[in-house]
Amino acid sequence: MIKLDTDFYSRGNVTEVARDLLGKVLCSRVGGHLTKAIIMETEAYAGVDDRASHAYGGRRTRRTEPMYGDGGTVYVYLCYGIHHLFNVVTSTLNDPQAVLVRAGSPVEGIDEMLRRRGKAAVDETLLSGPGSLAQALGIRTDLSGTSLLRDRVWIEDQGIGVAKDAVRVGPRIGVDYAGEDATLPYRFLIS
DNA sequence: CGAATGATATACT
DNA sequence: GTATATCATTCGA
């Protein structure tokens with residue numbers, strides 16, 4: 001049970017980090033509740049050259065500021081007015097690369113996840129979809145800009161192995177507006 | 001399949 | 001400062 005550190009996040013290769021995050025355990029301690037989930041699906045957002053990224057072309061606003069932080073910074077933002085999307089900043093200062101966590105598998109604090117999601121029993125939709133995942137773990141925009149090296153949100157390596165042929169790669173979801181960059185194989189998921 | 005939803009970015013006054 | 005188009009989605013038919 002090892003908390004991932006800066007070396008993991010700051011490798012400077014987003015797609016590699018996105019791939020390696022599969023099988024890791026995303027943990028949060030919010031409102032006194034501990035929740036943990038195995039990461040099942042990720043997407044890489046490759047900085048200023050990626051049209052799907054908020055930081056495309058070096059755009060820099062108050063919302064995207066955390067993306068320009070050091071590796072291991074948390075970037076949470078609101079989409080469609082409702083959904084909180086959880087991202088992990090990879091790479092180093094002023095190199096805005098990030099990994100979006102899209103889906104997970106519940107490990108701990110399941111009762112609390114159910115309560116936050118308004119569900120009575122675990123089903124496959126509990127942690128599927130970036131908005132749902134963030135909601136179940138209690139992740140909201142107030143966590144944006146915090147560090148994964150602290151104790152509110154972090155990621156552990158519990159030694160869960162992911163076979164190479166169990167990883168599926170494909171184009172990212174919901175980024176049609178990004179033109180050619182929408183077809184890049186930046187999406188990773190465990191089948 | 002289609003509507004809801006509200007913070008944010010951008011272009012104005 | 002104010003207005004409006006936009007959006008890395010979800011849920012209910």
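Everything numeric here is computed off the predicted structure, so don't read it as measured data. Naming convention: chains lettered A, B, ... in sequence-line order (proteins, then strands); numbering from 1 in each chain. Reckoned from all heavy atoms, side chains included, excluding hydrogens, waters and symmetry mates.
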Legend entry - Base-pair map of DNA chain B as dot-bracket, where | denotes pairing with a different strand and pairs are Watson-Crick or G-U under 3.5 Å: ||||.|||||||.

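- For the pair His54(A) NE2 and dA9(B) P, the interatomic distance rounds to 9 Å; values are reported in whole Å.
- Screening residues 57-75 of chain A for salt bridge (charged side-chain N to carboxylate O under 4.0 Å, His left out) gives Arg60(A)-Glu65(A) as the qualifying pairs, with residues at least two apart or on separate chains.
- Contact annotation for Arg51(A): no contact, since no heavy-atom pair falls under 4.0 Å across all strands.
- If you measure from atom CG of Leu127(A) to atom C1' of dT9(C), you get 16 Å, rounded to the nearest angstrom.
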For residues 159-173 of chain A, run the donor-acceptor check on the side chains, cut-off 3.5 Å, and write out each pair with its distance to 0.1 Å, sequence neighbours left out.
| unit_1 | atom_1 | unit_2 | atom_2 | d |
| --- | --- | --- | --- | --- |
| Arg172(A) | NH1 | Ala44(A) | O | 2.9 |
| Arg172(A) | NH1 | Asp50(A) | OD2 | 2.7 |
| Arg172(A) | NH2 | Asp50(A) | OD1 | 3.2 |
| Arg172(A) | NH2 | Asp50(A) | OD2 | 3.4 |
| Arg172(A) | NH2 | Asp181(A) | O | 2.9 |

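- In this entry the distance linking CG of Leu100(A) with P of dC7(C) reads 17 Å, nearest Å.
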Identify all side-chain donor-acceptor contacts of residues 77-87 of chain A below 3.5 Å with residues at least two apart in sequence or on another chain.
| unit_1 | atom_1 | unit_2 | atom_2 | d |
| --- | --- | --- | --- | --- |
| His84(A) | ND1 | Thr141(A) | N | 3.4 |
| Asn87(A) | ND2 | Tyr75(A) | O | 3.2 |
| Asn87(A) | ND2 | Leu85(A) | O | 3.4 |

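- With hydrogens and angles ignored, the 3.5 Å screen pairs a side-chain donor or acceptor of Thr42(A) with a backbone N or O of Ala18(A).
- Rounded to an integer number of Å, the gap from Tyr177(A) OH to dA9(B) C1' is 13 Å.
- Asp176(A) has its CG atom 10 Å from the P atom of dT9(C), to the nearest Å.
- With Arg150(A) contributing its side chain and Ser147(A) its backbone, the two residues share no donor-acceptor pair below 3.5 Å.
- Salt-bridge annotation for Glu180(A) and Arg51(A): absent, with no side-chain N of the basic residue lying under 4.0 Å from a carboxylate O of the acidic one.
- No engagement by Arg172(A) is indicated, since no non-hydrogen atom pair under 4.0 Å with the nucleic acid exists.
- The CG atom of Asp123(A) sits 10 Å away from the P atom of dC11(C) (whole-angstrom rounding).
- What separates CZ of Arg187(A) from P of dT9(C) is a distance of 10 Å, to the nearest Å.
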Collect all protein-nucleotide pairs involving nucleotides 4-8 of chain B in which both atoms are nitrogen or oxygen and the distance is under 3.5 Å.
| unit_1 | atom_1 | unit_2 | atom_2 | d |
| --- | --- | --- | --- | --- |
| dT5(B) | O2 | Tyr80(A) | O | 3.2 |
| dG6(B) | O4' | Gly81(A) | O | 3.4 |
| dG6(B) | N2 | Tyr80(A) | N | 3.4 |
| dG6(B) | N2 | Gly81(A) | N | 2.8 |
| dG6(B) | N3 | Gly81(A) | N | 3.2 |

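- The structure places CD of Glu43(A) at 13.0 Å from CG of Leu21(A), a figure rounded to the nearest 0.5 Å.
- In this structure, Lys119(A) places its NZ atom 12 Å from C1' of dG12(C), rounding to the nearest Å.
- A donor-acceptor pair under 3.5 Å links the side-chain atoms of Arg117(A) to the main chain of Thr125(A), judged by distance alone.
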Acceptor/donor pairs from residues 22-30 of chain A side chains to any protein atom, 3.5 angstrom cut, sequence neighbours excluded:
| unit_1 | atom_1 | unit_2 | atom_2 | d |
| --- | --- | --- | --- | --- |
| Lys24(A) | NZ | Asp20(A) | O | 3.0 |
| Ser28(A) | OG | Thr35(A) | OG1 | 2.6 |
| Ser28(A) | OG | Leu137(A) | O | 2.8 |

